[in-house]
Amino acid sequence: MKLKELRLKQGLTQNELGKTIGVSGQTILNWENGIYEPKINQLISLADFFNVSVDELVERPKQVSDIERGINALSLIDGKELIDWIKGRLHEMEHKAK
């Protein structure tokens with residue numbers, strides 16, 4: 001979890017952060033050290049406080065859809081290469097249709 005990094009970036013002690021979201025400094029310490037995990041409502045409070053998503057707070061990798069992967073792959077292709085590739089696919093489709 002990214003909690004310690006975010007807390008330190010804000011210049012807060014564990015006690016100060018704990019008071020802000022209604023837990024003890026010891027609880028913050030335990031979360032930061034992976035001894036315990038916050039409940040979902042506490043995760044939401046932390047994410048809201050630090051203005052990050054819960055996914056970012058818990059360092060969950062972003063899920064990339066097949067469409068996004070395709071778009072990313074196409075963005076790496078030179079414009080002329082892309083046109084040639086499209087022409088090739090259209091040519092193949094034309095032959096299959098006959």
Side-chain angles (χ1 to χ4, degrees):
M1 186 165 25
K2 201 173 177 178
L3 179 58
K4 185 174 183 178
E5 175 187 333
L6 293 168
R7 177 180 62 78
L8 292 174
K9 197 176 199 179
Q10 293 285 324
L12 297 170
T13 66
Q14 291 166 334
N15 285 330
E16 290 169 333
L17 178 57
K19 284 179 186 176
T20 301
I21 65 161
V23 299
S24 70
Q26 182 66 43
T27 298
I28 301 295
L29 173 72
N30 289 336
W31 291 345
E32 289 180 352
N33 290 318
I35 296 168
Y36 299 110
E37 294 180 351
K39 295 176 183 172
I40 189 67
N41 63 319
Q42 294 166 325
L43 279 173
I44 292 168
S45 294
L46 288 166
D48 288 347
F49 177 79
F50 289 114
N51 196 31
V52 297
S53 68
V54 172
D55 282 349
E56 185 179 346
L57 179 64
V58 298
E59 299 180 294
R60 181 172 180 233
K62 181 182 178 218
Q63 300 295 315
V64 179
S65 72
D66 290 340
I67 292 172
E68 287 177 295
R69 273 193 284 281
I71 290 170
N72 290 339
L74 288 173
S75 70
L76 300 175
I77 298 173
D78 175 89
K80 182 178 178 336
E81 288 179 68
L82 180 58
I83 291 170
D84 291 343
W85 181 84
I86 292 170
K87 284 180 182 177
R89 293 302 130 342
L90 290 172
H91 186 66
E92 288 174 14
M93 289 170 57
E94 185 178 286
H95 284 301
K96 286 180 183 179
K98 289 183 180 180

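For Ile40, the CD1 atom counts as densely surrounded, since its 6.0 Å shell holds more than 12 non-hydrogen atoms of other residues, nucleotides or ligands. The number of heavy-atom neighbours closer than 6.0 Å to CD of Glu37, taken from other residues, nucleotides and ligands shown, is 12 or below.
For Asn15, the side-chain contact (heavy atoms from CB on, under 4.5 Å) partners two or more places apart in sequence, or in a different chain, are Thr13. Applying the side-chain contact (heavy atoms from CB on, under 4.5 Å) test to Lys39 and every residue at least two apart in sequence or in another chain returns Asn41, Gln42. Remark: Ser24 engages Gln26, Thr27 in a side-chain contact (heavy atoms from CB on, under 4.5 Å) (not counting sequence neighbours). Partners of Lys2 by salt bridge (charged side-chain N to carboxylate O under 4.0 Å, His left out), not counting sequence neighbours, listed by chain and number: Glu56.
Linking Ile, Leu, Val, Met, Phe, Trp and Tyr whenever their side-chain heavy atoms come within less than 4.5 Å puts Ile28 and Leu43 in one cluster. At a threshold of 4.5 Å between side-chain heavy atoms, the hydrophobic network of Ile, Leu, Val, Met, Phe, Trp and Tyr places Ile83 and Leu76 in two separate groups. Neither Leu8 nor Met1 shares a network with the other; the hydrophobic side chains, linked directly or stepwise wherever heavy atoms of I, L, V, M, F, W or Y lie under 4.5 Å apart, form separate groups for each. Hydrophobic clustering, with ILVMFWY side chains joined whenever heavy atoms are under 4.5 angstrom apart, groups Val58 together with Ile35. Side-chain heavy atoms closer than 4.5 Å link hydrophobic residues (I, L, V, M, F, W, Y) into clusters, and following such links, even through other members, never connects Ile21 to Leu29.
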Please assess Glu32 against Arg7 for the test side-chain contact (heavy atoms from CB on, under 4.5 Å), listing each intermediate value before the final yes or no. CA-CA 10 Å; Glu32 289 180 352; Arg7 177 180 62 78; 2.6 Å; yes
Evaluation steps, side-chain contact (heavy atoms from CB on, under 4.5 Å), between Val54 and Leu46: CA-CA 8 Å; Val54 172; Leu46 288 166; over 6 Å; no
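Residues Phe49 and Ile44 have side chains not in contact (no heavy-atom distance under 4.5 Å, counting atoms from C-beta outward).
Closest non-hydrogen pair, Ala47 versus Ser53, comes out as CB-C, 4.0 Å.
Screening residues 78-89 for side chain to side chain donor-acceptor pair (under 3.5 Å), with sequence neighbours left out, gives Lys80-Asp84. Residue pairs that meet the ring-ring contact (aromatic ring centres under 6.0 Å, His included) test with at least one member in residues 5-38, sequence neighbours left out, do not exist here.
The distance from the CG atom of Leu17 to the NZ atom of Lys4 is 13.0 Å, given to the nearest 0.5 Å.
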